[in-house]
Amino acid sequence: MTVAAAPEGAVWVVLGEDGEGAVSTVFLGSDGAVLERRRMPRADLPASIAATVTDLRWVWSDASHWYVPLVAAGVRVARCHDLRLCHAILRDSAAVSDAAALRAAGEWDAPAAAAPDGGAALFELEGDTGSTAAVPHGIEAALVEFTRQREASANGAGALRLLLAAESAGALIAVEMNAAGVPWDADVHDDILRELLGDRPAPGRLPSRVEELAAKVRAALGDATASLDSQPRLLRALHRAGVLAASTSKWELAEYDHPVIEPLLAYKKATRLLSANGWAWREEWAPDGRFRPVYVPGGVVTGRWASSGGGALQLPRQLRPAVRADPGWAFVVADVAQLEPRVLAAMSRDTALAGSARGTDLYQGMVDRGVMPTRQDAKIAMLGAMYGATTGDSGRLVPALRRAYPKAMGLVDAAARTGEEGGVVSTWLGRTSPPPPPEWHALQGRAGDQDAADADRTRAQRSARDRGRFTRNFVVQGTAAEWALCWLADVRTRLAALPPVSPAQAAPRSGILHGRQAHLAFFLHDEIIVHTPLEQADAAAAAVRDAADAATRLLFGEFPLDFRLDLHIREDAGKA
DNA sequence: CGGAGCGGCGCG
DNA sequence: AAAGCGCGCCGCTCCG
C-alpha cells in the first residue's frame with residue numbers, strides 16, 4: 001500500500017469510522033481548518049498510521065477502541081487526544097467558562113470501555129466485538145466533539161491543555177503496558193505460595209498449611225466444626241471462647257491475648273493470599289509469564305488511574321519477588337519519595353515546606369528543622385493534614401504543622417472549607433471535583449431550618465465534614481496524579497527514542513512493539529517499573545530521572561523544590 | 001438463582 | 001494504635 005505524506009501544516013488528524021468496513025482520517029491545521037480527508041478500508045489503517053508523520057496528534061473517540069488493535073499490530077502513535085477522557089475533564093472543569101455544549105453531549109459521558117481483549121478483532125471482523133463503550137466512534141461525531149472541546153479549552157489556561165495532553169498520553173500508556181505486561185516468574189510465585197500455603201491442593205480442597213492452621217484455630221476455640229470464613233459465625237465462636245471482640249478484623253483481634261489469635265491471623269493471611277493471588281489468579285492473569293492488568297486511566301475522581309481485573313493496584317509486596325526480568329533484561333524500579341507533600345509544597349508555594357524537603361527525605365527534613373520530634377510523627381502528621389484527621393496522634397500533631405507551614409496548610413484548609421460549603425475545588429492543572437449530589441444540598445437545607453431535628457443537624461454536619469475531607473484531599477491527590485502523568489508520559493517518550501536491541505536480545509512476550517526496547521511495564525500512583533535490556537538499563541534509568549525533573553519544571557516552573565526518586569536497577573521488583 | 005451490600009484487606 | 005483520603009476484589013449474607 002502506498003501512503004501519501006500528511007498535508008503541509010497538519011497538526012491534528014481525526015480518526016473515525018466511516019461506513020461499512022471503512023475509516024476516515026481528517027487532517028486539521030492548527031486553527032482547526034480541514035486540510036484533507038482520506039477514506040480507507042479499516043484493514044489499511046495500521047500501515048497508514050505507521051507511515052504517517054509522527055508529530056501529528058491523533059484524535060479519536062477512545063483509546064481502548066482504536067489503540068488496542070493498533071498496538072497488537074505493532075503500531076505506536078506518539079501523541080493522541082482521547083475525546084472520551086478529555087470530555088470528562090472539560091465538562092466539569094472550573095477553568096472552562098462555558099461547558100453547556102459539552103454537558104449537552106451526553107453520549108460522550110460513557111465510562112471506560114470494557115477490558116481490552118488483546119485481539120486484533122477490530123481489523124478482521126465487522127462490528128464491534130469486544131467493546132461495550134457507548135461513546136460514538138464515527139468520524140462525524142468525532143469532528144463535532146473535537147470542535148466543541150477545542151472551543152471549550154481555547155481561551156482557558158495552558159495548564160488545562162497540558163492536562164488534556166497528559167491524560168491522553170496516559171491512555172496510550174495504559175494500552176501499551178497491558179500489551180507489554182509485567183514479567184511474571186511462575187516458579188518464584190510457586191515457591192512463595194508453597195512456603196506460605198503448602199502444596200497446591202486438588203480442586204475444591206484447601207492447601208495443607210491452611211488446613212493445619214484451620215485445625216489449630218478450631219482446637220484453640222474448642223469447637224471442631226467452627227466456621228472460619230463467615231464473619232458472624234466466627235465472631236460468635238470467638239465470643240464463646242472468651243474473645244469479646246466487636247469485629248473479626250485483624251487489628252482488633254491483635255489486641256487480645258488468647259491462643260486462638262495467632263493461628264487465626266495466620267489463617268486469615270493465608271486464605272487472603274490464596275483467594276487474591278493464588279494459583280487460580282495466576283492462571284487467569286499471568287498464564288504466559290506476563291501479568292497483564294487492565295489499567296483504567298482517569299478511573300478515580302481525582303484523576304488517578306484505577307484498574308479492572310487482576311487487582312493490578314493491589315499486588316501485595318509479598319509477591320514482588322515474582323516480578324522478574326527476562327534473561328538479559330533488568331528493571332528500573334523507581335518511586336517518588338513523599339510525592340503528595342512535595343506537590344502540596346509546590347502548589348501552595350510554601351517555601352518553608354519546600355525547604356524541609358529539598359535534598360532530603362521530607363519527613364526527616366521536618367525533624368531536622370525541629371518541626372516534629374520523630375520521622376514517624378512527621379509522617380503521621382503530614383498524612384493527617386492531607387486526609388483531614390481530627391483525632392488521635394495525627395490530629396494532635398496537625399496544629400504544629402499549621403504553625404510551621406502556614407501556606408501549605410492554608411491551601412488544604414481552604415479546600416476543606418470549600419467542600420464543607422458545598423463548593424468544588426480544582427487541581428493545579430484544572431481537574432475539578434464533582435459537585436455534591438442534590439441529596440447533599442437537600443440535607444444541608446433541612447438542617448438549616450428553624451425546627452430542624454437534632455438528628456438532621458448532626459447528619460448534615462457529618463456529611464459536610466465528609467465532603468470537606470474529600471475536597472481537602474482532592475487537590476493534593478489530584479495534583480500528584482498530574483505530576484505522575486507528566487512523568488510517565490515523558491518517560492515513555494524518552495524510552496521510545498532508545499535504539500532497538502538485536503533480535504537475539506529480544507523479549508518476545510513483551511510484544512512486537514516493546515520486545516526490543518526498554519519500555520514501561522508497571523505504574524502505581526507514584527511508582528514505575530521499566531523493563532529494559534541490560535545494555536540499556538543505565539540509559540533507561542537516566543530517562544526516568546530526567547523525566548521526573550522535566551515533570552517538576554513543566555508543572556511548577558522554577559519553584560525551588562526537587563522530587564526525589566528512590567531508583568534501583570534490579571532483576572526483580574522486590575524491596576530494595 | 002443472581003445481584004446488592006458489607007466486612008475485611010491488599011495497594012498508594 | 002488503627003483515625004483521616006482514594007481505590008478493587010474476595011467471600012459471605014440477605015433479598016427479590
Side-chain angles (χ1 to χ4, degrees), chain A residues 112 115 206 227-235 245-255 264-265 267-278 280-281 284-285 293-320 335-341 343-344 376-377 379-398 401 412-413 415-416 419 425 427 431 433-434 462 465-481 483-484 522-528 573 575:
Chain A
L206 287 174
S227 166
L228 308 186
D229 299 319
S230 157
Q231 286 98 335
R233 286 195 271 179
L234 173 59
L235 194 58
S247 80
T248 63
S249 62
K250 66 176 184 184
W251 44 83
E252 177 156 5
L253 293 179
E255 294 302 289
L264 178 54
L265 293 181
Y267 174 85
K268 287 163 79 79
K269 194 174 170 66
T271 51
R272 160 83 193 189
L273 176 64
L274 175 65
S275 65
N277 296 102
W281 171 86
E284 183 171 2
W285 291 101
V294 176
Y295 298 94
V296 185
V300 179
V301 279
T302 58
R304 274 186 172 182
W305 289 12
S307 71
S308 160
L313 278 49
Q314 307 147 253
L315 200 65
R317 301 203 75 88
Q318 231 177 359
L319 291 183
R320 283 300 196 92
D335 68 274
V336 193
Q338 306 101 32
L339 173 59
E340 292 190 355
V343 158
L344 174 58
Q376 186 60 16
D377 286 327
K379 181 175 180 177
I380 299 270
M382 190 53 80
L383 291 175
M386 293 186 300
Y387 293 166
T390 54
T391 63
D393 290 349
S394 183
R396 272 199 305 283
L397 292 165
V398 169
L401 235 47
V412 286
D413 288 345
V425 295
T427 60
R431 192 187 306 261
S433 64
R462 187 158 50 81
R465 297 259 160 76
D466 290 348
R467 198 76 206 164
R469 287 193 305 275
F470 168 63
T471 51
R472 169 189 293 274
N473 187 248
F474 182 96
V475 293
V476 180
Q477 188 184 119
T479 303
W483 185 95
F522 190 68
F523 168 58
L524 181 56
H525 308 318
D526 62 356
E527 173 187 13
I528 62 180
K575 255 227 164 297

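The chains referred to below are lettered A, B, ... by the order of the sequence lines, with proteins before strands, and numbering in each begins at 1.
For the pair A/Arg272 and A/Lys250, the minimum side-chain heavy-atom distance is 4.5 Å or more. When side chains are defined from C-beta on, A/Leu524 does not count as touching A/Asp335, because their heavy atoms never get closer than 4.5 Å. Within the 4.5 Å cutoff, side-chain heavy atoms of A/Phe470 are placed close to those of A/Pro434. Between A/Thr271 and A/Leu228, every side-chain heavy-atom pair lies at or beyond the 4.5 Å cut-off.
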Strictly under 3.5 Å: I want the nitrogen or oxygen pairs between protein and nucleotides 12-15 of chain C, one per line.
unit_1 : atom_1 : unit_2   : atom_2 : d
C/dT13 : OP1    : A/Ser230 : OG     : 2.7

Please write out the pairs of protein N or O atoms and N or O atoms of nucleotides 10-12 of chain B separated by less than 3.5 Å, giving the distance to one decimal.
unit_1 : atom_1 : unit_2   : atom_2 : d
B/dG10 : OP2    : A/Lys250 : NZ     : 2.4
B/dG10 : O4'    : A/Arg272 : NH2    : 2.9
B/dC11 : OP1    : A/Arg317 : N      : 3.0
B/dC11 : O4'    : A/Leu313 : O      : 3.4
B/dG12 : OP1    : A/Arg317 : NH1    : 2.2
B/dG12 : O3'    : A/Asp526 : OD1    : 2.8
B/dG12 : O3'    : A/Asp526 : OD2    : 2.7
B/dG12 : N2     : A/Arg304 : NH1    : 3.2
B/dG12 : N3     : A/Arg304 : NH1    : 3.2

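Of the charged side-chain nitrogens involved, none lies within less than 4.0 Å of a carboxylate oxygen, so that A/Glu527 and A/Arg317 do not count as a salt-bridged pair.
The residue A/Thr248 sits close only to the backbone: its heavy atoms come under 4.0 Å of sugar-phosphate atoms, none of a base. When heavy atoms are screened at a 4.0 angstrom cut-off, A/Gly395 is found touching no nucleic acid atom at all. As judged by a 4.0 angstrom heavy-atom cut-off over every strand, A/Val476 is placed among residues making no nucleic acid contact. Within the 4.0 angstrom heavy-atom criterion, only backbone atoms of the sugar-phosphate kind lie near A/Ser247; the bases stay farther away. At the heavy-atom level, A/Phe474 lies nowhere under 4.0 Å from the strands shown. Residue contacts for A/Gly309: at a heavy-atom cut-off of 4.0 Å it reaches the sugar-phosphate backbone alone, with no base atom in range.
For C/dG16, the paired nucleotide is B/dC1, the pair qualifying as Watson-Crick or G-U wobble because both relevant distances are below 3.5 Å. Within the shown strands, B/dG7 is the pairing partner of C/dC10 under the Watson-Crick or G-U definition, both distances less than 3.5 Å.
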Task: Derivation of the side-chain contact (heavy atoms from CB on, under 4.5 Å) call for A/Met382 and A/Leu397 - done: CA-CA 9 Å; A/Met382 190 53 80; A/Leu397 292 165; over 6 Å; no

TODO: Evaluate side-chain contact (heavy atoms from CB on, under 4.5 Å) for A/Leu206 paired with A/Leu274, printing each intermediate quantity in order.
DONE: CA-CA 9 Å; A/Leu206 287 174; A/Leu274 175 65; 4.1 Å; yes

- [ ] Tell me, with the steps shown, if A/Val300 and A/Gln477 meet side-chain contact (heavy atoms from CB on, under 4.5 Å).
- [x] CA-CA 10 Å; A/Val300 179; A/Gln477 188 184 119; 4.1 Å; yes

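Rounded to whole angstrom, the span from the CG atom of A/Leu264 across to the C1' atom of B/dG8 amounts to 12 Å. In this structure, CH2 of A/Trp281 is placed 11 Å from P of C/dC10, rounded to the nearest angstrom. As rounded to whole Å, 13 Å separates atom C1' of C/dA3 from atom CG of A/Asp466. Atom CZ of A/Arg472 is separated from atom P of C/dG6 by 13 Å (rounded to the nearest Å). Protein atom CG of A/Leu273 is 13 Å distant from nucleotide atom P of C/dG11, rounded to whole Å. Atom CG of A/Leu253 and atom C1' of B/dG8 are 11 Å apart (whole Å). Atoms CG (A/Leu401) and C1' (C/dG4) sit 14 Å apart, rounded to a whole Å. Atom-to-atom, CD of A/Glu252 to P of B/dC9 comes out at 11 Å; the value is rounded to the nearest Å.
With the nearest nucleotide of DNA chain C identified for both A/Leu383 and A/Ala312, A/Leu383 has the one nearer the 5' end.
Taking side-chain N and O atoms only, A/Lys268 has a distance below 4.0 Å to OP1 or OP2 of B/dC9. The phosphate of C/dC9 has neither OP1 nor OP2 within less than 4.0 Å of any side-chain N or O from A/Ser275.
Here the separation of B/dG7 from C/dA2, taken at their C1' atoms, is 16 Å to the nearest Å.
Heavy-atom contacts from other residues, nucleotides or ligands closer than 6.0 Å to NZ of A/Lys379 number 12 or fewer.
Counted by atom type alone, A/Thr248 and A/Gln231 present zero donor-acceptor pairs between their side chains at under 3.5 Å.
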